[in-house]
There are 2 protein chains.
Amino acid sequence: MAQKFAKRSEDYSKWYNELVYRADLAEHSDVRGCMVIKPYGYAIWEKMRDILDAKFKETGHSNAYFPLFIPKSYLSKEASHVDGFAKECAVVTHYRLKNAEDGSGVVVDPEAKLEEELIVRPTSETIIWNSYKNWIQSYRDLPILINQWANVVRWEMRTRLFLRTAEFLWQEGHTAHATRQEAIAEAEQMLEVYADFAENYMAMPVVKGLKSPSERFAGADETYCIEAMMQDGKALQAGTSHFLGQNFAKAFDVKFTDKEGKQDFVWATSWGVSTRLMGALIMTHSDDEGLVLPPALAPIQVAIVPIYKSQEDLDAISLKVAELNGKLRVKGISVKFDDDDQKRPGWKFAEYEAKGVPVRVAIGPRDLAEGKAEVARRDTKEKSSVSWDGIEDYIENLLEEIQTSLFERAAKFREENIRKVDSYDEFKKVIEQEGGFILAHWDGTEETEEKVKADTQATIRCIPLEMPKEEGKCMVTGKPSAGRVIFAKAY
Amino acid sequence: MAQKFAKRSEDYSKWYNELVYRADLAEHSDVRGCMVIKPYGYAIWEKMRDILDAKFKETGHSNAYFPLFIPKSYLSKEASHVDGFAKECAVVTHYRLKNAEDGSGVVVDPEAKLEEELIVRPTSETIIWNSYKNWIQSYRDLPILINQWANVVRWEMRTRLFLRTAEFLWQEGHTAHATRQEAIAEAEQMLEVYADFAENYMAMPVVKGLKSPSERFAGADETYCIEAMMQDGKALQAGTSHFLGQNFAKAFDVKFTDKEGKQDFVWATSWGVSTRLMGALIMTHSDDEGLVLPPALAPIQVAIVPIYKSQEDLDAISLKVAELNGKLRVKGISVKFDDDDQKRPGWKFAEYEAKGVPVRVAIGPRDLAEGKAEVARRDTKEKSSVSWDGIEDYIENLLEEIQTSLFERAAKFREENIRKVDSYDEFKKVIEQEGGFILAHWDGTEETEEKVKADTQATIRCIPLEMPKEEGKCMVTGKPSAGRVIFAKAY
Ligand SMILES: [Zn+2]
Ligand SMILES: [Zn+2]
């Protein structure tokens with residue numbers, strides 16, 4: 001670890017990129033915009049996926065799988081959807097290669113041209129509603145509550161690991177309902193699921209809100225979102241849940257017969273989170289030494305490093321550790337005992353620090369003699385000498401404390417960086433000098449949104465759901481405002 | 001269930017296709033060759049995935065994720081790989097659509113043509129070894145033991161649900177080793193993992209073997225496989241594990257420094273199973289009434305159907321069932337209590353039969369009064385009146401018995417349909433009239449393989465690993481043979 005890394009305070013963006021490599025989470029591939037998610041990064045994503053998946057199932061959803069490819073014409077069926085998604089995407093035009101005549105390799109076979117081009121899914125509303133059309137006849141077929149874990153592709157010119165990549169992994173829920181109210185309740189329920197996951201597992205406080213019309217999902221009547229504040233004060237949209245009205249049902253002609261025998265179009269929602277959450281997790285907690293992980297998402301919660309000179313010492317330590325290991329496993333705590341003799345303890349300490357392992361236990365012959373071990377927590381870097389007797393309970397409590405304390409630290413940071421602002425001059429000054437979230441009045445028009453964005457790069461992150469309603473005047477135009485909205489620069 | 005379905009004995013292929021729909025496992029999508037895996041089918045696949053994933057992790061593997069797209073030139077780097085995989089595949093040539101000038105929808109933007117076409121992965125050796133190149137310098141970086149769960153695409157003109165689809169889901173393990181022996185041991189270990197999974201979870205007996213050179217994976221030095229016999233006597237290759245030698249290391253220039261400081265190319269394996277296993281599962285156990293599932297893979301192991309006329313009856317039954325439910329859950333048995341009052345018991349019985357639920361419990365007011373319930377097993381359709389007292393143990397044992405009995409039934413069927421044949425005339429007669437696996441002597445040449453295939457459509461399924469060695473003479477040419485191989489017609 002002799003290498004010098006960027007500090008957060010010096011260059012946040014460089015710090016982020018270096019951290020993703022240091023912690024061995026992901027790397028760029030040679031394929032433009034596509035990343036390789038490395039085993040340690042993938043193990044964190046797997047934890048996220050499993051926790052979310054259990055929550056989706058608890059709320060009545062089943063998983064299914066729909067095709068990767070979408071016929072080009074499907075994208076045009078929903079008018080606003082096509083504007084949002086049919087642009088920067090990967091287009092499959094041929095289905096065969098052949099040997100080049102000059103022996104230089106393979107070339108596309110011009111005779112194997114598809115009649116209709118296929119788009120690699122950027123999101124699956126269209127292909128899924130084309131199936132739902134055949135699944136739904138009567139109210140008895142509703143609701144349909146399906147989720148899909150999949151890869152999607154949105155061609156991006158400027159990419160950043162996890163935050164913006166051409167291919168990414170995500171889940172997309174797609175539900176069909178008999179009534180408008182039921183669909184809205186579903187969209188709101190899934191927003192709550194996301195907020196619960198963000199706060200109680202990622203230890204990342206979020207604001208629940210509604211997107212302004214111009215920031216809605218293409219094809220949605222309403223987009224709910226959760227917005228988190230990163231350490232540099234910028235906002236990151238961590239999940240969205242869309243009430244799609246009857247838009248896709250109309251586009252794909254999906255009607256059902258209700259209990260009274262009347263026909264109506266079906267109501268829809270969709271909702272998703274992606275590997276972008278990995279970026280949010282990193283930028284909420286980590287520090288100059290590397291990743292900091294909340295225990296609930298750490299693939300390794302406790303790393304145990306033996307300090308020894310002789311094989312005898314190591315044997316004695318290993319015996320003691322095996323006992324602890326068993327006790328921790330019973331509690332469902334994941335442990336790694338690192339007795340690799342090619343690496344020095346100092347190197348291991350730095351390595352587990354870089355990888356964000358929440359608790360590190362070091363134990364040497366003297367500790368052993370005294371019936372103690374050194375326990376270090378990653379978040380505050382505090383070390384304690386802990387009696388071996390009952391150390392498993394100490395560690396269990398410490399993991400809970402770290403989980404809570406990470407959330408509180410992030411919540412405090414966010415509180416310190418949410419500011420109410422009433423004049424546009426002040427807004428411009430604050431967004432430039434302080435960043436963070438700004439609560440300001442807005443007249444509800446797209447023109448004002450665009451002006452603010454052009455002047456300051458800040459956008460409306462959301463119209464918060466849980467805030468005392470306070471009428472006022474738009475900071476830009478002076479026109480009436482129904483309540484403050486959150487402006488911020490965003491990832 | 002008034003509809004008349006094809007019987008296995010009349011039209012096996014039609015029976016299969018209808019069964020996939022009846023059991024609600026999957027359906028064709030409007031995208032050529034791509035299927036929709038429906039929630040019930042996906043729930044079975046999830047069980048398979050979770051069991052296999054745990055086995056991969058137990059044997060030291062981690063999951064990771066590599067890009068969906070492969071630059072066209074990568075496929076040409078390994079000479080035999082390109083012949084096997086660079087032909088029928090989905091080719092991405094453009095990265096943008098634009099609005100058609102005549103307002104008719106969207107068209108491919110000719111200005112957004114990729115400099116190098118991207119292939120949607122048919123398998124990931126090339127893209128992964130292009131990454132491993134940067135990960136491996138010394139023997140300390142080895143072994144690399146990585147698995148990926150992903151979708152892959154191989155353009156197919158004639159598709160069948162699960163058995164042969166353009167897009168399918170699979171896992172692909174890709175490992176890198178310092179020595180030839182270690183790589184071979186890995187390939188053999190994963191073959192054992194697959195065989196264990198096939199036999200002990202799918203209840204599907206398999207023959208472990210080696211592919212003949214002409215049937216090897218493109219780029220492999222040796223392909224191990226497991227072959228299962230379907231109910232129509234045809235073979236299905238259920239999993240493959242490849243010893244790749246140094247072929248991909250040479251193609252991508254991946255060398256490492258060994259302990260003595262000497263440089264050498266890295267040794268490789270890859271291994272995979274896919275959603276094709278769903279087809280194998282169906283065709284091993286199911287019958288004319290629908291799917292038959294081994295309990296180890298059944299999303300619902302026990303369906304409980306109340307028989308009632310009054311709400312009072314239902315309430316009394318529900319109370320009793322809730323108690324049983326709790327007892328079964330403690331045992332890790334998944335239960336569905338189907339009190340849907342829109343559907344009649346007979347309809348439900350047929351439905352759970354079609355879906356292969358291993359055990360069905362029916363309980364009516366008289367059963368309740370007598371302290372009994374009717375327990376039916378799906379595989380043999382036997383029904384028993386079982387005392388309510390201890391019924392949870394009865395069901396637990398029954399599930400185990402069904403699991404064992406399905407395997408035994410399939411093993412017996414296979415035994416009855418493996419035949420030793422010594423003359424080519426007899427071979428042609430047996431393969432035409434009886435089908436099944438034929439153990440015959442072969443001279444080891446591709447010419448003979450091709451002749452047999454041309455004459456009879458049968459191919460060498462494998463050179464079995466666990467068979468007494470018996471020298472002999474090739475049934476076709478009379479030349480010497482080192483041992484019998486398995487011929488069969490195959491899926
Ligand atoms: Zn928001
Ligand atoms: Zn074989």
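Quick note on labels: first sequence line is chain A, next is B, and so on, each numbered from 1. Heavy-atom basis, side chains included; hydrogens, waters and symmetry copies ignored.
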Next on the checklist: I'd like to know which of A:Pro39, A:Cys34, A:Ser62 tops the heavy-atom pair count under 4.5 Å against chain B.
Outcome noted: A:Pro39

Next on the checklist: Could you check whether B:Glu172 and B:Ser124, counting side-chain N and O atoms only, form a donor-acceptor pair closer than 3.5 Å?
Outcome noted: yes

Checklist entry - What residue, out of B:Thr165, B:Asn99, B:Ile127, has the most heavy-atom pairs lying under 4.5 Å from chain A? => result B:Asn99

Checklist entry - Is there side-chain contact between A:His61 and A:Ile146, with at least one heavy-atom pair below 4.5 Å? => result no

Next on the checklist: If the test is side chain to side chain contact (heavy atoms under 4.5 Å, CB included), which one of B:Leu277, B:Asp53, B:Thr275 qualifies with B:Met48?
Outcome noted: B:Leu277

Checklist entry - Can you say whether the rings of B:Trp45 and B:Trp149 are parallel (under 30°), tilted (30 to 60°) or perpendicular (over 60°)? => result perpendicular

Next on the checklist: Are B:Tyr95 and A:Trp155 an aromatic pair, judged by ring center distance below 6.0 Å?
Outcome noted: yes

Checklist outcome for this item: Counting heavy-atom pairs under 4.5 angstrom with chain A, the leader among B:Ile128, B:Ile70, B:Val153, B:Val91 is B:Val91

Next on the checklist: Can you tell me which of A:Ile37, A:Leu114, A:Val108 forms the most heavy-atom pairs within a distance under 4.5 Å of chain B?
Outcome noted: A:Ile37

Next on the checklist: I need the residue from B:Met35, B:Lys77, B:Glu27 with the largest number of non-hydrogen atom pairs under 4.5 Å to chain A.
Outcome noted: B:Glu27

Checklist entry - Do you know which of A:Gln148, A:Arg32, A:Lys57 has the most heavy-atom pairs with chain B at a distance under 4.5 angstrom? => result A:Lys57

Checklist outcome for this item: In terms of heavy-atom pairs under 4.5 Å with chain A, the winner among B:Val31, B:Leu68, B:Asn130, B:Ile119 is B:Leu68

Checklist outcome for this item: Applying a strict 4.5 Å limit to non-hydrogen atoms, the region of A:Thr93 in contact with chain B is both

Next on the checklist: Please identify, among A:Ala26, A:Pro67, A:Pro71, the residue contributing the most non-hydrogen atom pairs under 4.5 Å to chain B.
Outcome noted: A:Pro67

Checklist entry - With chain A, which of B:Trp135, B:Phe69, B:Tyr74, B:Tyr40 has the greatest number of heavy-atom pairs at distances under 4.5 Å? => result B:Trp135

Checklist entry - Under the salt bridge (Lys or Arg N to Asp or Glu O under 4.0 Å) criterion, do A:Glu116 and A:Lys72 qualify, and how do the steps go? => result CA-CA 7 Å; A:Glu116 179 178 1; A:Lys72 191 188 66 179; over 6 Å; no

Checklist entry - Strictly by modelled atom types, are B:Tyr65 and A:Glu167 linked by a side-chain donor-acceptor pair under 3.5 Å? => result yes

